[in-house]
**Student:** 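One structure, pasted below without further comment.
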Amino acid sequence: MSYDQIEVPADGEKITVDEETGELSVPDNPIIPIIHGDGIGTDVGPAAQKVLDAAAEATGRSVSWMRVYAGASARDKYDENLPVDTVSAIRDHRVAIKGPLTTPVGAGFRSLNVALRKKLDLYANVRPTYHLDGVPSPVKNPAAMDMVTFRENTEDVYAGIEWEAGTDEVQKVKEFVEEEMGHDDVIHDGPVGIGIKPITEFGTKRLVREAIEYAIENDRDSVTLVHKGNIMKFTEGAFRDWGYELAEEEFGDVTITEDELWEEYDGEKPEDKIVVKDRIADNMLQQLLTRTADYDVIATMNLNGDYMSDAAGAQIGGLGIAPGANFGEGLCLAEPVHGSAPKYAGEDKVNPTAMILSGRLMFEYMGWKDAGKLIRDAVEKTISEGDVTYDLHRQIEGGNKLATSEYAEKVVENIHELA
Ligand code: NAP
């Protein structure tokens with residue numbers, strides 16, 4: 001495989017996928033593309049790489065990193081935001097990890113994160129939120145949170161179908177909505193921007209399928225469909241209906257609804273069943289705080305999922321801790337939940353845990369569960385011994401305030417100790 005712009009590492013082998021079974025074949029020395037990213041990406045990227053290398057080596061493997069570029073680093077090198085080679089390299093190598101990429105608000109280019117997810121059809125953004133011992137939290141019982149959010153990644157108001165105020169296009173859409181569709185009393189006079197919110201049966205069902213399969217494989221108790229279907233009946237309401245339909249059609253033998261739980265089992269969940277329930281999004285945001293332990297696997301649309309997983313992340317220590325990964329057919333692109341926090345860029349200050357734990361998700365997808373567990377245990381040991389970056393240090397009494405790179409070194413030391 002050769003690329004015009006990217007250097008392929010001399011050693012290392014490609015991860016491949018069996019086209020028929022969809023199973024990954026992972027060598028002990030895979031080539032993994034990595035985008036360090038913008039802003040604090042230049043701090044957390046190299047720090048995470050060191051920790052992932054240590055965990056791979058401690059379990060008898062090695063990673064051949066392949067640096068690929070997007071955002072500011074790609075503009076510097078190639079004068080473009082998202083080179084074709086970057087997208088091809090991720091697609092060809094099946095598994096990759098990225099740091100955050102900056103998106104200008106209002107004017108300027110569209111989100112490169114959204115573009116990458118769309119180009120690679122990475123339809124499920126998975127964000128686990130669980131509490132690590134020693135991590136300070138603003139809530140009384142952070143350990144009650146052990147949730148995995150499946151956020152649909154390709155549809156919703158994020159799809160990028162929108163028109164700017166003052167353009168001919170927006171005028172055309174306005175006239176269509178008013179004159180042909182009869183909504184002539186909704187849009188106020190004067191400049192207007194208009195966006196479209198597509199939610200398809202296909203997009204909904206493949207996301208909910210992933211969430212239920214994950215719940216089955218990981219012995220989870222429930223899958224909650226989060227929507228605002230009381231107001232947006234034909235988009236978010238349809239998401240709820242298609243979600244239940246999928247559960248019944250494809251997983252009818254292992255799932256029950258909340259009504260069935262009460263009517264047939266008197267509220268006592270049978271061990272071999274998963275409860276599929278739904279919650280309205282605004283209620284869900286407060287239930288995350290008041291009834292945290294009732295929620296397990298969440299399946300939701302793009303915008304709800306973005307809000308919810310940041311809020312859930314705050315309960316278990318904040319954005320410095322919260323990992324994520326995007327999945328498509330035979331593809332995984334791991335990335336932390338946080339953004340590029342430009343004010344801290346290059347200061348060797350921020351917390352690399354979110355990027356490190358995103359790497360853990362990537363290793364688990366590759367079947368490297370032992371390396372993943374080692375990473376989690378080493379991060380937990382580091383934090384519970386009081387070795388933390390500024391964000392956690394300001395929330396605890398005592399402790400050692402470490403730079404990004406020093407913290408990563410501590411985690412590596414703990415990997416060696418625990419291995
Ligand atoms: P942000 O970069 O996530 O930063 C918001 C705040 O969260 C920071 O000021 C900091 O809070 C805390 N934080 C974030 N990462 C941290 C870390 N690793 N360690 C410790 N604290 C951390 O959000 P933003 O300021 O809204 O967005 C900045 C840019 O990132 C925007 O261009 C946005 O579009 C982009 N973004 C990219 C992605 C992505 O690449 N997937 C995701 C979200 C946002 P304190 O200052 O309180 O310490």
Side-chain angles (χ1 to χ4, degrees), residues 34-48 51 68-75 81-82 86 90 96-118 120 122 124-127 132 135-138 149 151 153 158 160 302-303 305-326 333-359 361 379 382-383 388-396 401-408 411:
I34 181 165
I35 300 173
H36 282 171
D38 295 333
I40 55 168
T42 57
D43 303 285
V44 298
V51 172
V68 296
Y69 301 88
S73 62
R75 285 194 293 282
N81 281 317
L82 186 57
T86 295
I90 296 172
I97 183 164
K98 68 175 276 291
L101 295 169
T102 298
T103 310
V105 177
F109 57 86
R110 285 188 179 280
S111 168
L112 303 176
N113 303 302
V114 174
L116 261 174
R117 292 170 197 161
K118 275 170 69 176
L120 294 166
L122 296 165
N125 182 246
V126 178
R127 296 179 166 186
L132 292 170
V135 174
S137 160
T149 303
R151 164 188 172 198
N153 232 356
Y158 271 60
N302 217 331
L303 182 61
D306 204 5
Y307 291 159
M308 258 191 51
S309 50
D310 270 34
Q315 282 178 238
I316 48 95
L319 287 180
I321 296 282
N326 304 288
L333 176 61
E335 63 171 333
V337 172
H338 66 70
S340 56
K343 66 181 174 180
Y344 298 127
E347 287 189 14
D348 196 17
K349 174 172 177 165
V350 296
N351 194 343
T353 304
M355 181 99 175
I356 293 170
L357 294 176
S358 301
L361 283 176
V379 165
T382 308
I383 296 173
V388 292
T389 44
Y390 86 96
D391 52 322
L392 300 189
H393 188 261
R394 70 187 167 193
Q395 300 176 60
I396 58 176
K401 183 156 91 171
L402 301 181
T404 312
S405 53
E406 293 169 330
Y407 172 85
V411 178

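These numbers were taken from a predicted model, which means no experiment stands behind them. One-based numbering, in listed order, for ligands and for the atoms of each.
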**Student:** Just wondering, do Ile316 and Val135 contact through their side chains at under 4.5 Å, heavy atoms?
**Tutor:** no
**Student:** Got a salt bridge between Asp43 and Lys349, using NZ or NE/NH1/NH2 to carboxylate O under 4.0 Å?
**Tutor:** no
**Student:** Evaluate the side-chain proximity of Val126 to Thr149: yes if any heavy-atom separation is below 4.5 Å, no if none is.
**Tutor:** no
**Student:** Give the residues near ligand 1 by chain and number, with the criterion being a heavy-atom distance under 4.0 Å.
**Tutor:** Ile40, Lys98, Pro100, Leu101, Thr102, Thr103, Asn113, Arg117, Leu319, Gly320, Glu335, Val337, His338, Gly339, Ser340, Ala341, Pro342, Lys343, Tyr344, Val350, Asn351, Tyr390, Asp391, Arg394
**Student:** Which residues pass the side-chain contact (heavy atoms from CB on, under 4.5 Å) test with Pro136, sequence neighbours left out?
**Tutor:** Leu392, Gln395, Ile396
**Student:** Validate the cation-pi geometry between Arg151 and Tyr158: distance from NZ or CZ to the six-membered ring centre under 6.0 Å, angle to the ring axis within 45°.
**Tutor:**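 Checked: cation-pi criterion met.
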**Student:** Does OH in Tyr344 sit with more than 12 non-hydrogen atoms of other residues, nucleotides or ligands closer than 6.0 Å?
**Tutor:** yes
